Peer 1: 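Right, I'll just put the structure down here and ask away after.
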Amino acid sequence: MNRYLDIQPEVAAALAEGKPVVALESTIISHGMPWPQNAETAFAVEQTIRDNGAVPATIAVIGGRLKAGLSHDEIEYLARRGQEIPKASRRDLPMLCARGMDGATTVASTMIVASLAGIEVFATGGIGGVHRGAETTMDISADLEELAQTPVLVICAGAKSILDLGLTLEYLETKGVPVCGYGTDELPAFYTRRSGFGVDFRADTPEELAAVFAAERGLGYKGGLLCGNPIPEEYSMPADVINAAIDQAVAESAAQGVKGKKVTPFLLARVKELTGGDSLEANIKLVLNNAALAAKTAAALSALR
Ligand code: PSU
Ligand code: MN
């Protein structure tokens, strides 16, 4: 096992027996939601994964250790400390490990730790991607490059239109990352079910999705697979309301010269402020929806093996 990695005993036992395990990220806990909803959501997501037949493994860096599976107290610690926990993507892990620091893992770094631990399925809310204006800023999330090189199935609710969704899909196509729509032919846009941008293929059952991921492994590809699972209709937000808030947040971020790793948290926080509690509620519901699909897909994958 990797010398920087700690796998929680329950997770290690499930992996050893070939039972389904689902990885979860921690940037969504420390940076994505306010206390105490962040802790409540993290616990509810883990419970949803259990209710659907899999073992949850929330991932973070604590005291320089890569953790696959967190205790109740560790999740609460990350939730209470919030923004004080550094956001940790691929480039940050070496420094955090060397110096014994904490880190809230993004999609990219959660994939890295999941892969080191042998976990193949990962549920989250939204992924990073190609930002609007990336043709001049070159702001492209490391999440996309990770999907190209790390063999994990990432189940999300698509990407927020704080990003350029068309360019995000072009980038994934260039990198050869298969993109699935769950029950849809379009990439979902996080708060809304449709984006207008087509995916590579549609899956209508966890078994269909698991079979494509298993085939990707069987072909010897080194990269992962992205699945967009639309927010349930009853929790989706009116497109005009959410798009107006996103446009304003993107304009403010450009006007204030926000750069680097602060861009995504700035945009997410501003959209939340501008839309009140509605977007937080939608965010919680879609993460639970993704957790349920991920658990069922991990179970389907275990059955194939
Ligand atoms: N998009 C969301 N919610 C999030 C994130 C992105 O809708 O919480 C977080 C995820 O952890 C994602 C990270 O991996 O932001 C991407 O950050 P960056 O764009 O700096 O790579
Ligand atoms: Mn960025």
Side-chain angles (χ1 to χ4, degrees), residues 23-34 37-38 41-42 45 58-61 78-79 82-83 85-93 103-114 122-148 150 152 154-165 167-168 171-172 187-192 195 224 226 228-231 237 242 245-246 249-250 253-254 257-272 275 279-280 282-287 289-291:
L24 299 161
E25 63 153 303
S26 46
T27 291
I28 191 170
I29 302 175
S30 296
H31 297 257
M33 289 183 193
Q37 286 93 342
N38 55 358
T41 303
V45 167
T58 302
I59 286 173
V61 190
L78 294 173
Q83 316 275 339
I85 306 283
K87 175 179 157 189
S89 194
R90 167 176 270 271
R91 64 168 181 190
D92 305 296
L93 295 185
T105 51
T106 62
V107 168
S109 52
T110 302
M111 288 177 74
I112 294 169
V113 178
F122 166 19
T124 186
I127 59 154
V130 179
H131 279 261
R132 295 199 207 169
E135 59 274 24
T136 50
T137 63
M138 292 185 69
D139 190 351
I140 300 172
S141 174
D143 292 354
L144 300 186
E145 209 59 40
E146 208 60 52
L147 280 161
T150 301
V152 174
V154 179
I155 299 183
C156 66
K160 293 198 179 96
S161 50
I162 58 171
L163 303 173
D164 187 320
L165 300 186
L167 290 186
T168 299
Y171 196 97
L172 290 167
L187 182 74
F190 199 88
Y191 295 117
T192 56
S195 68
L226 183 66
N229 183 30
I231 184 171
M237 295 185 65
I242 197 70
I246 286 172
V250 170
S253 142
V258 180
K259 289 201 171 63
K261 71 197 281 184
K262 296 203 174 108
V263 173
T264 297
F266 176 92
L267 293 172
L268 298 178
R270 230 13 224 136
V271 169
K272 245 167 257 164
T275 52
S279 65
L280 179 59
N283 199 343
I284 293 168
K285 298 295 188 188
L286 66 82
V287 174
N289 188 47
N290 295 342

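When a ligand or atom number is given, it counts from 1 through the structure's own listing order. These figures come from a predicted structure and were not determined experimentally. Position 1 is the first residue of the sequence; numbering continues from there.
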Peer 1: Does one side chain, of Thr124 or Glu25, offer a donor that lies under 3.5 Å from an acceptor on the other?
Peer 2: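 Looking only at side-chain atoms, Glu25 and Thr124 do form a donor-acceptor pair, the distance falling under 3.5 Å.
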Peer 1: If I consider every N, O or S atom in Asp139, which one ends up closest to the Mn ion (ligand 2)? I only need its name.
Peer 2: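 The Asp139 atom nearest to the Mn ion (ligand 2), restricting to N, O or S, is OD1.
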Peer 1: Under 3.5 Å, is there a donor-acceptor pair between the His131 and Thr264 side chains?
Peer 2: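 Short answer, yes.
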Peer 1: Quick one: are Tyr191 and Val271 in side-chain contact, heavy atoms under 4.5 Å?
Peer 2: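 Counting from C-beta outward, Tyr191 and Val271 do come under 4.5 Å.
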Peer 1: Hydrogens and angles aside, do Thr275 and Ser279 bring a side-chain donor and acceptor to less than 3.5 Å of each other?
Peer 2: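 Checked: Thr275/Ser279 side chains pair up, N/O donor to acceptor below 3.5 Å.
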Peer 1: When you check ligand 1 against the protein, what N or O pairs turn up below 3.5 Å? List the atom names and distances, or just say none.
Peer 2:
from: ligand 1; atom 1: 7 (O); to: Lys160; atom 2: NZ; distance (Å): 2.4
from: ligand 1; atom 1: 11 (O); to: Glu25; atom 2: OE1; distance (Å): 2.7
from: ligand 1; atom 1: 11 (O); to: Glu25; atom 2: OE2; distance (Å): 3.4
from: ligand 1; atom 1: 14 (O); to: Val107; atom 2: N; distance (Å): 2.8
from: ligand 1; atom 1: 14 (O); to: Asp143; atom 2: OD1; distance (Å): 3.3
from: ligand 1; atom 1: 14 (O); to: Asp143; atom 2: OD2; distance (Å): 2.7
from: ligand 1; atom 1: 17 (O); to: Lys87; atom 2: NZ; distance (Å): 3.2
from: ligand 1; atom 1: 19 (O); to: Thr264; atom 2: OG1; distance (Å): 2.6
from: ligand 1; atom 1: 20 (O); to: Lys87; atom 2: NZ; distance (Å): 2.7
from: ligand 1; atom 1: 21 (O); to: Ser141; atom 2: OG; distance (Å): 2.7

Peer 1: Is the shortest heavy-atom distance from the side chain of Ile59 to the side chain of Leu24 under 4.5 Å?
Peer 2: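 Heavy-atom side-chain distance check fails, nothing below 4.5 Å.
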Peer 1: Output yes when Lys261 and Asp92 qualify as a salt bridge under the 4.0 Å nitrogen-oxygen rule, no when they do not.
Peer 2: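 A salt bridge is present here (some side-chain N lies under 4.0 Å from a carboxylate O).
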